[in-house]
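What follows is one structure encoded as structure tokens, with my remarks underneath.
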2 protein chains.
Amino acid sequence: MLRFFAAPEQFREDRVYLDNDEAHHIKKVMRLGTGAVVRIFDGQGREYEVELIVERGAVWGRIIAQVPAVREPELKVTLAQGLAKGEKNELVIQKATEVGVQAIIPLICERSVMKLSPGRNKEERLRRVAREAAKQCQRSVVPTVEAACRIKDIVTRFSLYDTVLLLWEEEQACNLKQTLQELRQKRAIKQLLVLVGPEGGFTAAEAQEAIEHGAYSVSLGPRILRTETAGLVALSAIFYEFDELSL
Amino acid sequence: MLRFFAAPEQFREDRVYLDNDEAHHIKKVMRLGTGAVVRIFDGQGREYEVELIVERGAVWGRIIAQVPAVREPELKVTLAQGLAKGEKNELVIQKATEVGVQAIIPLICERSVMKLSPGRNKEERLRRVAREAAKQCQRSVVPTVEAACRIKDIVTRFSLYDTVLLLWEEEQACNLKQTLQELRQKRAIKQLLVLVGPEGGFTAAEAQEAIEHGAYSVSLGPRILRTETAGLVALSAIFYEFDELSL
């Protein structure tokens, strides 16, 4: 069944009012009319079967029933990803959403080529990518794309997570699997933050700062992964480890 | 150190002769001259430190020493990937090479939108992507890109592998982790073939044919992964399971 998005504030009692983007998609792209039954998800875990009413000015829907949402991972993973060149950021967000990430924080690193300007346009663009990816992969939660920040800012938020992993290609001793499995034996891991450097990697100073604030530095093995690959490989491995790639 | 590629037959005694592509790259892009010391790998696991001799017509090198190649996975994984639209195939090959795949077989499926024509141009293009990705991620083995084939052809080759996995979104009972861990307890897994459908997935008949020939059908969980994501997630999980993302 076709799926569309409406934020929680667009729902009122048994009705949901679609925004312009989705209304356009419904009318002009999918060419649906009044009476069509679709699914609408609110991006925060709820999903409904809805009968559409397509009017000239607006599209709204009458809620028929709430439907069970596709299972979200119990493990909440936030990916803090060093900014790469334009479309690679979108690739990372799309793929991370499919795999099951909870939130994405663009990281501005010393070696980042692309810098997010204070204007919000790029982050808005990234949020749209997350929303489209959630639609596609049938998640009812849209991962949040947080404001871009630097290592020195993100370390102050480490306490929001119970575990912080730093993927660092200069790490010689610890690998992801061993570290995760040892940590799991000591404590429950429910909120995980994963830091991935930009092309060229974290500088030693950046890695050091993260480690001093409690991040576990891990290697992903001998093959050099591009930045946009590293995050996805790590997420896949983490969700595999925590049995989140299961029915 | 800069890395270039030369096939085994381009090595003669203590010399190596670069092909036109690599010679162009050395002269025109990297602007290296005689005396530059680089690494040259043969795509089959050997790598050398080489002093370049840059002449007007050709570039060749004098081998200084063999160097240890970056560790290749012990587990040999072949990814048979349902053909997707153009650039997605290249993305799959690039990422699969980084993660550590041994070989890639483009699969022509009933729901494949893109069809490989008998001409070899597209496969040649895919081989070039694998070679460039191997250069980038410092692997000394270039994954082979085999000729595109259909499910009915590939099932006749299942006996070349000790285990065949079919990623199938309609699988309701078995997931990747449980299946892999159960299989590992029964036998050594060294040669693994992973089948991934195209956009739209395998048809029930295709899946049935693979299963009848011995493939294990597995799910990657409740979130719907795009075809180009599914292969990479599965490879990441498999290499994680087999401790191949370790130093």
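Just so we're on the same page: letters track the sequence lines, and every chain starts at 1. All figures in this text were calculated on a predicted structure; none of them were measured in a lab.
Note: B:I224 CD1 to A:Q138 CD = 4.5 Å, rounded to the nearest 0.5 Å.
A 4.5 Å side-chain heavy-atom check between B:L245 and A:N175 finds every atom pair outside the cut-off. Looking at heavy atoms from C-beta onward, A:Y240 lies in side-chain contact with B:L180 at the 4.5 angstrom threshold. Residues A:R71 and B:R223 form no side-chain contact, since every pair of their non-hydrogen atoms from C-beta on lies 4.5 Å or further apart. Residues B:L235 and A:V233 have side chains not in contact (no heavy-atom distance under 4.5 Å, counting atoms from C-beta outward).
Taking a 6.0 Å sphere around CZ of A:R184, one finds it holds more than 12 heavy atoms contributed by other residues, nucleotides or ligands. Other residues, nucleotides and ligands place more than 12 heavy atoms under 6.0 Å from the CD atom of B:Q66. In B:R187, the CZ atom is crowded: over 12 heavy atoms of neighbouring residues, nucleotides or ligands sit closer than 6.0 Å. In the displayed structure, A:Q181 atom CD is contacted under 6.0 Å by more than 12 heavy atoms of other residues, nucleotides or ligands.
One N or O on the side chain of B:K177 and one on the backbone of A:E241 form a donor-acceptor pair closer than 3.5 Å.
The minimum heavy-atom distance between A:E98 and B:T229, with the atom names listed, is OE1-OG1, 2.8 Å. For B:S219 against A:L247, the heavy-atom pair with the smallest separation is OG-CG, 3.4 Å. Smallest separation of non-hydrogen atoms from A:P222 and B:S246: CD-O, 3.2 Å.
With a 4.5 angstrom heavy-atom cutoff, B:L91 touches chain A only via side-chain atoms.
With respect to chain B, the highest number of heavy-atom pairs below 4.5 Å among A:A173, A:P73, A:A230 belongs to A:P73. Interface summary for chain B: among A:D243, A:L176, A:L232, the most heavy-atom pairs under 4.5 angstrom belong to A:D243. For the set A:Q136, A:E72, A:E171, A:R226, the count of heavy-atom pairs under 4.5 angstrom toward chain B peaks at A:R226.
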